[in-house]
Amino acid sequence: MALSHEEFDALMDEAVLAFKTKQEHLTKTYGFGDAAMAAFTERTQTLQLRDAADRPFLEADAIEIGTYNTQAKGWLWAWANKDIAAHGRARSEKLKDLADVTGFEIFETARAVRLPDEAMAWRLAAMSVRHLEALGAYRLPSPDGVFMGFVAVMSVRDLRAGGGFGTVWRA
């Protein structure tokens with residue numbers, strides 16, 4: 001059953017509020033804001049955060065959500081992006097279910113859709129994190145800053161503890 005615009009906005013606001021709490025937790029507990037560099041390995045679906053000395057300090061299992069083009073203000077879901085390997089697209093297909101949950105076509109559109117701004121890309125990431133029951137999300141800008149890839153953080157492994165065999169936290 002399709003949500004009204006008011007119901008959809010309320011659901012989105014709820015997702016964003018929960019998302020902000022999750023993001024604060026990632027920052028305070030794991031140091032997500034401390035990374036000098038981040039890299040996503042598509043083959044393993046792993047996000048790695050590195051310190052200023054180029055030492056990895058966190059590793060996360062991640063699911064690609066989508067990509068935002070800052071120039072065209074376009075959003076493309078990861079499951080629809082032919083530049084993403086098949087196993088990465090398959091992991092993100094669960095996000096299509098948001099179309100059934102909300103009744104809004106944006107969640108099942110396989111083409112790039114225009115967004116008003118980056119804030120809306122973050123709102124879509126928040127809805128995705130909620131739906132995937134993830135710990136939060138991370139934004140990976142391209143070197144030129146034109147593209148921003150969003151990934152859902154599913155588990156975190158702290159590489160600073162226990163000589164590289166640190167504690168694992170899961171969503």
Side-chain angles (χ1 to χ4, degrees), residues 2-3 5 8-24 26-27 32-50 58-154 156 171:
L3 299 177
H5 285 285
F8 177 76
D9 288 343
L11 180 65
M12 180 78 77
D13 290 345
E14 177 185 303
V16 168
L17 187 61
F19 179 74
K20 286 179 181 179
T21 300
K22 288 181 176 202
Q23 293 299 102
E24 287 172 10
L26 284 177
T27 301
F32 264 65
D34 299 338
M37 181 185 354
F40 181 75
T41 304
E42 189 175 14
R43 182 179 48 77
T44 60
Q45 297 284 287
T46 303
L47 172 67
Q48 190 177 78
L49 302 184
R50 296 179 163 270
L58 286 178
E59 211 169 69
D61 173 44
I63 296 176
E64 294 172 271
I65 298 172
T67 304
Y68 178 68
N69 181 320
T70 61
Q71 292 178 343
K73 295 189 179 203
W75 174 265
L76 183 61
W77 292 103
W79 54 262
N81 190 338
K82 301 296 184 214
D83 291 333
I84 293 175
H87 70 280
R89 290 194 315 267
R91 286 188 82 200
S92 72
E93 279 195 351
K94 183 177 181 184
L95 295 173
K96 288 182 190 179
D97 295 344
L98 283 166
D100 294 331
V101 171
T102 65
F104 280 72
E105 182 183 337
I106 190 171
F107 296 108
E108 62 184 355
T109 300
R111 59 177 166 63
V113 293
R114 189 159 169 76
L115 299 181
D117 52 28
E118 183 185 339
M120 187 60 188
W122 277 108
R123 290 173 69 80
L124 291 175
M127 286 286 287
S128 299
V129 163
R130 179 182 187 272
H131 188 68
L132 294 170
E133 298 178 347
L135 296 172
Y138 198 83
R139 181 190 65 165
L140 295 150
S142 62
D144 61 6
V146 173
F147 295 99
M148 294 182 190
F150 289 80
V151 296
V153 175
M154 302 307 293
V156 177

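Positions are given from 1, in the same order as the sequence printed here.
Within the structure, the side chain to side chain donor-acceptor pair (under 3.5 Å) test picks out the following pairs touching residues 103-119 (sequence neighbours left out): Glu118-Trp122, Glu118-Arg139.
Counting non-hydrogen atoms of other residues, nucleotides and ligands closer than 6.0 Å to NZ of Lys94 gives a total above 12.
Between Leu49 and Tyr138, some side-chain heavy-atom pair lies under the 4.5 Å cut-off. Two residues are said to be in side-chain contact when any heavy atoms from C-beta on lie closer than 4.5 Å; Ile84 and Leu76 fail this criterion. Between Ile106 and Trp75 the shortest side-chain heavy-atom distance does not fall below 4.5 Å.
No option in Val151, Leu95, Leu140 other than Val151 meets the side chain to side chain contact (heavy atoms under 4.5 Å, CB included) test with Glu64.
Although no hydrogens or angles enter the test, the distance criterion places a donor-acceptor pair under 3.5 Å between the side chain of Thr70 and the main chain of Val146. In this structure a side-chain-to-backbone donor-acceptor pair under 3.5 Å is missing from His131 to Lys96. Under a 3.5 Å cut-off, the side chain of Arg43 and the backbone N or O of Ala85 do not form any donor-acceptor pair.
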Would you check, one step at a time, whether the test side-chain contact (heavy atoms from CB on, under 4.5 Å) holds for Tyr68 with Lys73?
CA-CA 7 Å; Tyr68 178 68; Lys73 295 189 179 203; 3.5 Å; yes
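Legend: residues meeting side chain to side chain contact (heavy atoms under 4.5 Å, CB included) with Arg123, ordered by chain and number and at least two apart, are Met12, Asp13, Val16, Met120. Partners of Glu24 by salt bridge (charged side-chain N to carboxylate O under 4.0 Å, His left out), not counting sequence neighbours: none found. With sequence neighbours excluded, the residues that form a side chain to side chain contact (heavy atoms under 4.5 Å, CB included) with Phe107 are Phe8, Trp77, Leu98, Ala99, Thr102, Phe104, Leu124, Met127. Looking at residues two or more places apart in sequence or on another chain, you find no ring-ring contact (aromatic ring centres under 6.0 Å, His included) involving Phe40. With sequence neighbours excluded, the residues that form a side chain to side chain donor-acceptor pair (under 3.5 Å) with Thr46 are Thr44.
To the nearest 0.5 Å, atom CG of residue Leu135 and atom CG of residue Asp61 are 9.5 Å apart.
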